[in-house]
Participant: 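Would you mind keeping the following structure in view while I ask a few things?
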Amino acid sequence: MLRIEDLSAGYGARTVLHSVSLSIADGEAVAVLGPNGAGKSTLVKMVAGAVRPKSGRVFFGDTDITALKPWKRTELGLAMVPEGRHIIPGLTVDENLRVGAHLVRDRKKLTSSLDMVFTMFPILAERRRQQGTTLSGGQQQMLAIGRALMSSPKLLLLDEPSLGLAPVVRTQLSTILRELRAGVSILLVEQELALAMDVTDRYHLMRDGAFVADGVSGEEGEQLLRTEYLR
């Protein structure tokens, strides 16, 4: 579904990613782990089209999307949940969700997507007329995920979704992400190791803009990372 080949990217003269390669199969969930400043967010922003690569190529299915605008990538089936959630001030929960469907022209499909999100997140249905920025942190994260799902993506990009959430809310987030896997592939950028190991199939560990380890997620993968790489 997603293939990144020898990608280098950065900001101005500064290179953040160095010849990174990664692939995600249809129905697969892959985690990119690492400390702050490792280049994780730059990677996911590059896939979404917010950062242009300096070299290398990005494929979504058989389509080379390296030079495509972000909204064109959304049309193909990419959707991103940004770090910090970015709930739009002044808009209700319902209006924030509809922003995620701004490319959807079929009214029936829009209604179906809203129903799906409200079924998955009942609290959003209860508070659909409430200002999105007045929700709790966990509820805002649900709203950000729901907004991304409104475009019916094939691949969901999540940038640090557990950031700033209480432990009990992180547990809820794990449940949500496991449920999402039934219908969408996932690229998860995360620092919370336990959450990433719980909801993904494989992981890549990034340091200084390059992958330094990879493996199968789960308890053994978590133990290996903690004992060998994250001491």
Side-chain angles (χ1 to χ4, degrees), residues 1-7 9 17 20-30 32 40-88 91-121 124 128 132 140-161 176-177 179-189 200:
M1 177 165 288
L2 178 71
R3 189 169 81 254
I4 299 171
E5 297 180 349
D6 295 323
L7 190 95
L17 299 178
V20 172
S21 295
L22 176 148
S23 64
I24 300 177
D26 188 12
E28 192 176 32
V30 175
V32 176
K40 308 185 304 299
S41 290
T42 299
L43 174 64
V44 74
K45 288 176 182 176
M46 183 280 310
V47 175
V51 173
R52 295 292 299 273
K54 295 186 175 185
S55 62
R57 295 193 299 175
V58 185
F59 292 87
F60 188 61
D62 295 326
T63 304
D64 187 339
I65 64 171
T66 309
L68 280 189
K69 299 293 185 182
W71 65 273
K72 281 289 188 181
R73 301 182 193 212
T74 301
E75 283 187 334
L76 290 175
L78 280 165
M80 181 174 176
V81 181
E83 179 183 346
R85 300 180 281 274
H86 292 270
I87 304 305
I88 302 173
L91 298 187
T92 65
V93 167
D94 187 89
E95 290 165 341
N96 266 279
L97 290 173
R98 289 173 184 272
V99 167
H102 68 282
L103 296 177
V104 178
R105 298 291 178 259
D106 187 328
R107 186 175 295 275
K108 289 184 178 179
K109 185 176 181 181
L110 174 60
T111 300
S112 176
S113 295
L114 275 172
D115 290 343
M116 178 269 295
V117 170
F118 286 145
T119 299
M120 180 173 290
F121 305 117
L124 298 184
R128 63 185 301 171
Q140 286 190 30
Q141 189 63 69
M142 295 177 194
L143 179 53
I145 293 173
R147 181 178 58 196
L149 293 175
M150 288 294 294
S151 64
S152 301
K154 299 173 184 176
L155 176 63
L156 190 62
L157 313 172
L158 295 117
D159 190 3
E160 303 279 9
I176 290 167
L177 295 182
E179 291 175 353
L180 285 176
R181 293 207 43 197
V184 64
S185 300
I186 292 174
L187 174 59
L188 172 67
V189 165
T200 62

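All values derive from a computational prediction rather than experimental measurement.
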Participant: Can you tell me if Thr74 uses its side chain to pair, donor with acceptor, with the backbone of Pro70 under 3.5 Å?
Facilitator: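 Judged by distance alone, yes, a pair lies under 3.5 Å.
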Participant: Just so I know, are the side chains of Thr200 and Val30 near enough to count as touching, which here means a heavy-atom distance under 4.5 Å?
Facilitator: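 Heavy-atom side-chain distance check fails, nothing below 4.5 Å.
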Participant: For Leu180 and Leu156, run side-chain contact (heavy atoms from CB on, under 4.5 Å): C-alpha distance rounded to whole Å, both residues' side-chain angles, the deciding distance at 0.1 Å, then the answer.
Facilitator: CA-CA 9 Å; Leu180 285 176; Leu156 190 62; 3.9 Å; yes
Participant: In terms of side-chain geometry, is the basic nitrogen of Glu160 or Lys40 positioned less than 4.0 Å from the acidic oxygen of its partner?
Facilitator: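 Yes.
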Participant: Would you say the side chain of Val58 lies within less than 4.5 Å of the side chain of Leu68, judging by non-hydrogen atoms?
Facilitator: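 No, too far: nothing below the 4.5 Å cut-off.
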Participant: Side chains of Leu2 and Phe59, heavy atoms from C-beta outward: is any pair under 4.5 Å?
Facilitator: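 Side chain of Leu2 against side chain of Phe59, heavy atoms only: no contact under 4.5 Å found.
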Participant: Say you draw a straight line from CG of Asp159 to CG of Leu43; how long is it, rounded to the nearest 0.5 Å?
Facilitator: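 Interatomic distance, Asp159 CG to Leu43 CG, rounded to 0.5 Å: 9.5 Å.
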Participant: Considering only heavy atoms from C-beta outward, does the side chain of Arg147 approach that of Ile87 to under 4.5 Å?
Facilitator: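 The answer is yes, as the side chains (C-beta and beyond) meet within the 4.5 Å cut-off.
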Participant: Would you confirm whether Arg128, through its side chain, and Phe118, through its main-chain N or O, come within 3.5 Å as a donor-acceptor pair?
Facilitator: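 Between the backbone of Phe118 and the side chain of Arg128 there is no qualifying donor-acceptor contact (under 3.5 Å).
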Participant: Which heavy atom of Met80 sits nearest to which heavy atom of Ala48, and what is that distance?
Facilitator: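 Taking every non-hydrogen atom into account, SD-CB, 3.5 Å.
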Participant: Looking at CH2 of Trp71 and NE2 of His102, how far apart are the two atoms once the value is rounded to the nearest 0.5 Å?
Facilitator: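 So the gap between those two atoms works out to 9.0 Å.
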Participant: Are the side chains of Val184 and Lys154 in touch, meaning some heavy atoms are under 4.5 Å apart?
Facilitator: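 They are not in contact (no side-chain heavy atoms under 4.5 Å apart), so the answer is no.
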Participant: Is it true that the side chains of Asp94 and Thr92 contain a donor and an acceptor less than 3.5 Å apart?
Facilitator: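 The criterion, which ignores hydrogens and geometry beyond distance, is not satisfied for Thr92 and Asp94.
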Participant: List the steps and the verdict of side-chain contact (heavy atoms from CB on, under 4.5 Å) for Leu22 and Val32.
Facilitator: CA-CA 10 Å; Leu22 176 148; Val32 176; 3.9 Å; yes
Participant: For residues Arg73 and Ile65, report the shortest heavy-atom separation together with the two atoms involved.
Facilitator: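 That would be NH2-O, 2.8 Å.
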Participant: On a heavy-atom basis, which atom in Met1 and which in Asp26 lie closest, and how many Å separate them?
Facilitator: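 Scanning both residues, the minimum pair turns out to be CE-OD1, 3.4 Å.
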Participant: Return the minimal non-hydrogen interatomic distance between Ser152 and Lys109, and the atom names on each side.
Facilitator: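 Residues Ser152 and Lys109, closest heavy atoms: OG-CE, 3.8 Å.
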Participant: Verify, without hydrogens or angle tests, whether Asn96 (side chain) and Leu91 (backbone) share a donor-acceptor contact under 3.5 angstrom.
Facilitator: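 Yes, the answer is positive, given that a donor and an acceptor are paired below the 3.5 Å cut-off.
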Participant: Should Leu177 and Leu158 be marked as a side-chain contact (heavy atoms from CB on, under 4.5 Å) after you check the CA-CA gap, both sets of side-chain angles, and the distance that decides it?
Facilitator: CA-CA 10 Å; Leu177 295 182; Leu158 295 117; 4.0 Å; yes
Participant: Hey, could you give me the CD1/CE distance between Ile176 and Met120, rounded to the nearest 0.5 Å?
Facilitator: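 Rounded to the nearest 0.5 Å, the CD1-CE separation comes to 8.0 Å.
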Participant: Check whether any side-chain heavy atom of Val47 lies under 4.5 Å from a side-chain heavy atom of Ile4, and answer yes or no.
Facilitator: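 Counting from C-beta outward, Val47 and Ile4 do come under 4.5 Å.
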Participant: Calculate, to the nearest 0.5 Å, the distance between atoms OG and CZ belonging to Ser113 and Arg98 respectively.
Facilitator: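 Here the rounded value is 10.5 Å.
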Participant: With a 4.5 Å heavy-atom cut-off, do Leu7 and Ser21 have their side chains touching?
Facilitator: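 When only atoms from C-beta onward are counted, Ser21 and Leu7 do not touch, as no gap falls below 4.5 Å.
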Participant: Given the rule in the side-chain contact (heavy atoms from CB on, under 4.5 Å) test, do Ile145 and Phe121 qualify, once you have shown the distances and angles that lead to the verdict?
Facilitator: CA-CA 10 Å; Ile145 293 173; Phe121 305 117; 4.1 Å; yes
Participant: Quick check: does any side chain N or O of Thr119 sit under 3.5 Å from a backbone N or O of Asp115, one acting as donor and the other as acceptor?
Facilitator: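 Checking the backbone N and O of Asp115 against the side chain of Thr119, a donor-acceptor pair under 3.5 Å is found.
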Participant: Answer whether the closest heavy-atom distance between the side chains of Gln141 and Val81 falls below 4.5 Å.
Facilitator: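 Yes, their side chains come closer than 4.5 Å.
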Participant: Could you tell me whether Lys54 atom NZ has more than 12 heavy atoms of other residues or ligands within 6.0 Å of it?
Facilitator: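 Enclosed: over 12 neighbouring heavy atoms sit under 6.0 Å from NZ of Lys54.
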Participant: Minimum heavy-atom separation for Ala148 and Ser151, please, with both atom names.
Facilitator: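 Nearest heavy atoms, Ala148 then Ser151: O-OG, 3.1 Å.
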Participant: So, for Ile24 and Ser185, which heavy atoms are closest and what is the spacing to 0.1 Å?
Facilitator: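 It is CG2-CB, 4.4 Å.
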Participant: So that I can tick it off, tell me whether Glu5 and Arg3 are bridged by a salt bridge, with the cut-off set at under 4.0 angstrom between side-chain N and carboxylate O.
Facilitator: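 A salt bridge is present here (some side-chain N lies under 4.0 Å from a carboxylate O).
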Participant: Do the side chains of Glu75 and Lys72 get close enough for a salt bridge, i.e. N-O under 4.0 angstrom?
Facilitator: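 A salt bridge links Glu75 with Lys72.
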